Amino acid sequence: MQIDPHPGIRLGTITHAGPAMRWRTEAMRSHAAGRLIHITRGQGRITVAGLTNGYGPNNLIYLPPHTMYGMEVGPSVFGQTLTLPDVTEWPDAPFHLRLMQNDPQKELISLMESIEREIQPSGDLRAAQCYLGLLTVFVDRQLRDRDPATTDQRRNTAAARLVARYTALIAHEFSSDRGVSGYASQLNVTPTHLTRCCQKTCGRSALALLNDRIHYEACVMLRETHRPIQDIAKSLSFRSAAYFTRSFLEKSGETPSGFRKRGTAEIRA
């Protein structure tokens, strides 16, 4: 479910989906707007800017605009995603807060519920924006007061910094015809070194991260637009529609046309 009565402020839910819809959460993606993920139940793993971490209840994860991420969502997981209309008051880098005390847990839930109430058709956008402001104050305090021992020091390693730069390039340029070697050259490293670092930080190769981002975009266009498949293939820099079909089939186990038809059938059902 997604509540979207006002431009810029959107609130969606995170729940487990079957294997056919797993791409909605697990595939690497990025968005033009910043997002805040609040997990209230369950646990799993999330990869943000090429670094994989576990998550659990009362975790708050911030994704700046154009930050690549993907997450495992098991049967017990429930959470919310808040799309932020303005990130000028938010940090430039991702963060992952693990709220261990009852008071901040309750305060965050209250703020999220207030935002949800005010973005309903019967609510007031001005009030929603005020609660968003209070949310930034809450986050600032939590970041300021958190125990340094709870921060992930891997984010500061050379490998993590390189992979973060790589995923940032992918987020902006995934639709180009550039391969891993082209990105590695731009980063002044060898493709082998880049892949080694990706494997170290998130257990995936550099090529897998790139292909995953392209696959997600293909899925979105197949499900949410009526663009011809050959146009989608061209927009993602595939050499031909036939090559796109083979690649999509290898990744998902079904053809692009089959994937699109199944989505249409699910909506009608």
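Sequential numbering from 1 along the given sequence is applied to the chain's residues. All figures in this text were calculated on a predicted structure; none of them were measured in a lab.
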Quick one: sort the Tyr216 and Trp23 rings into parallel, tilted or perpendicular, breaks at 30° and 60°.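 Tyr216 vs Trp23 ring planes: tilted.
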
Can you classify the ring geometry of Tyr166 versus Tyr183 as parallel (below 30°), tilted (30 to 60°) or perpendicular (above 60°)? perpendicular

Counting distance only, does the side-chain N/O of [X] pair as donor-acceptor with the main-chain N or O of [Y] below 3.5 Å?
X     : Y     : result
Thr67 : Leu63 : no
His16 : Val73 : yes
Thr52 : Thr47 : no

Atom [atom1] of residue position [X] - does it have more than 12 heavy atoms of other residues, nucleotides or ligands inside 6.0 Å?
X      : atom1 : answer
Gln43  : CD    : no
Lys251 : NZ    : yes
Arg141 : CZ    : no
Asp103 : CG    : no

Rounded at 0.5 Å granularity, tell me how far [atom1] in [X] sits from [atom2] in [Y].
X      : Y      : atom1 : atom2 : answer
His31  : Leu84  : NE2   : CG    : 11.5 Å
Arg260 : Met221 : CZ    : CE    : 9.5 Å
Ser237 : Glu173 : OG    : CD    : 11.0 Å
Leu194 : Ser185 : CG    : OG    : 11.5 Å
Met112 : Leu60  : CE    : CG    : 7.5 Å
His215 : Leu222 : NE2   : CG    : 9.0 Å

Name all residues meeting the ring-ring contact (aromatic ring centres under 6.0 Å, His included) criterion together with Tyr131; count only those two or more places apart in sequence or in a different chain, and write none if there are none. none

If you measure only the distance, is there a donor-acceptor pair under 3.5 Å linking the side chains of Thr15 and Thr13?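 No, no side-chain donor-acceptor contact under 3.5 Å.
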
Identify the residue among Arg154, Arg45, Arg155, His96 that makes a side chain to side chain donor-acceptor pair (under 3.5 Å) with Asn53.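 With Asn53 as partner, Arg154, Arg45, Arg155, His96 yield a single side chain to side chain donor-acceptor pair (under 3.5 Å), made by Arg154.
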
Side-chain contact, heavy-atom cut-off 4.5 Å: His38 with Thr40?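 In short, these two side chains touch, coming nearer than 4.5 Å.
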
Cation-aromatic face contact Arg35/Tyr62, 6.0 Å, 45 degrees: no

